[in-house]
Amino acid sequence: QVQLVESGGGSVQPGGSLRLSCAASGYTFSNRCMGWFRQAPGKEREGVARITFNGYSAAYAGPVKDRFTISRDNALNTLYLRMNNLKPEDTAMYYCAAALGLGCYSWDVFGYWGQGTQVTVSS
């Protein structure tokens, strides 16, 4: 019913930049909290950034604050993650997520997931 499709991943050198995109369908995009998560091999999935339905408020994980920017275009049903000054520690599979309910108060509100896009940062 709900589909989330990520794109924009790739391989980049440390200090480089990438912009990830997530195309959403099957629900009213503008009424959902949206987020980005990532998972590196052998590690737990972690929240990266989330944004409220109206785009007025965003939250970031400590390791990415001041480097990543989450945004959304409700008219296009698209979520973005701009990643600047990438570090090797950012290497992971990045997943787009949509909230299951109405809240956007924690990393635990998400119930819909995309298939992921790989980001690799190495020299």
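By convention here, the first residue in the shown sequence is residue 1.
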I'd like to know if the side chain of [X] reaches the main chain of [Y], judged simply by a donor and an acceptor atom lying under 3.5 Å from each other, with no hydrogens or angles considered.
| X | Y | result |
| --- | --- | --- |
| T117 | G9 | yes |
| Y60 | I70 | yes |
| E6 | Q115 | yes |
| R32 | A99 | yes |

Under a single-linkage definition using a 4.5 Å side-chain heavy-atom cutoff for Ile, Leu, Val, Met, Phe, Trp and Tyr, are [X] and [Y] assigned to the same hydrophobic cluster?
| X | Y | answer |
| --- | --- | --- |
| F110 | V64 | no |
| W36 | V2 | yes |
| L18 | Y95 | no |

Sub-4.5 Å side-chain heavy-atom contact between L100 and V109
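Answer no - side chains too far apart.
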Report yes if the side chains of P88 and P14 come closer than 4.5 Å at any heavy-atom pair, otherwise no.
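The answer is yes; the side chains approach within 4.5 Å.
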Test side chain to side chain contact (heavy atoms under 4.5 Å, CB included) applied to R19 and L81, step by step:
CA-CA 6 Å; R19 188 181 74 161; L81 184 69; over 6 Å; no
Which other residues belong to the hydrophobic cluster containing L102, where Ile, Leu, Val, Met, Phe, Trp and Tyr are joined when side-chain heavy atoms lie under 4.5 Å apart, directly or via other members?
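For L102, no cluster forms, as it stays isolated from other hydrophobic side chains.
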Please say whether more than 12 non-hydrogen atoms of neighbouring residues, nucleotides or ligands are located less than 6.0 Å from CD in Q3.
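Atom CD in Q3 is not crowded, with 12 or fewer foreign heavy atoms closer than 6.0 Å.
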Would M34 and T52 count as a side chain to side chain contact (heavy atoms under 4.5 Å, CB included) here? Give the steps.
CA-CA 7 Å; M34 300 290 295; T52 57; over 6 Å; no
Shortest non-hydrogen contact from [X] toward [Y]:
| X | Y | result |
| --- | --- | --- |
| G16 | V12 | CA-CG2, 3.7 Å |
| A40 | A92 | N-CB, 3.9 Å |
| L20 | Y94 | CD1-CB, 3.6 Å |
| A61 | G47 | CB-O, 3.3 Å |
| C104 | I51 | SG-O, 3.6 Å |

Worked check of side chain to side chain contact (heavy atoms under 4.5 Å, CB included) between M83 and V121:
CA-CA 11 Å; M83 304 182 292; V121 185; over 6 Å; no
Looking at CD of E44 and CZ of R38, how far apart are the two atoms once the value is rounded to the nearest 0.5 Å?
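So the gap between those two atoms works out to 14.0 Å.
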Indicate, with yes or no, if the rings of W113 and F37 have centres closer together than 6.0 Å.
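Close enough - the centres of the two rings lie under 6.0 Å apart.
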Give me each pair satisfying side-chain hydrogen bond (donor to acceptor under 3.5 Å, both in side chains) with a member in residues 80-89, each pair once, sequence neighbours excluded.
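Of all non-adjacent pairs touching residues 80-89, those that pass side-chain hydrogen bond (donor to acceptor under 3.5 Å, both in side chains) are S17-N84, R82-N84.
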Show, in sequence, the C-alpha distance, side-chain angles and deciding distance for Q13 and S123, and conclude whether the side chain to side chain contact (heavy atoms under 4.5 Å, CB included) test is met.
CA-CA 5 Å; Q13 294 182 341; S123 58; 5.6 Å; no
When you measure from the centre of the six-membered ring of W107, is the NZ or CZ of R50 under 6.0 Å away and within 45° of the axis?
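Checked: cation-pi criterion met.
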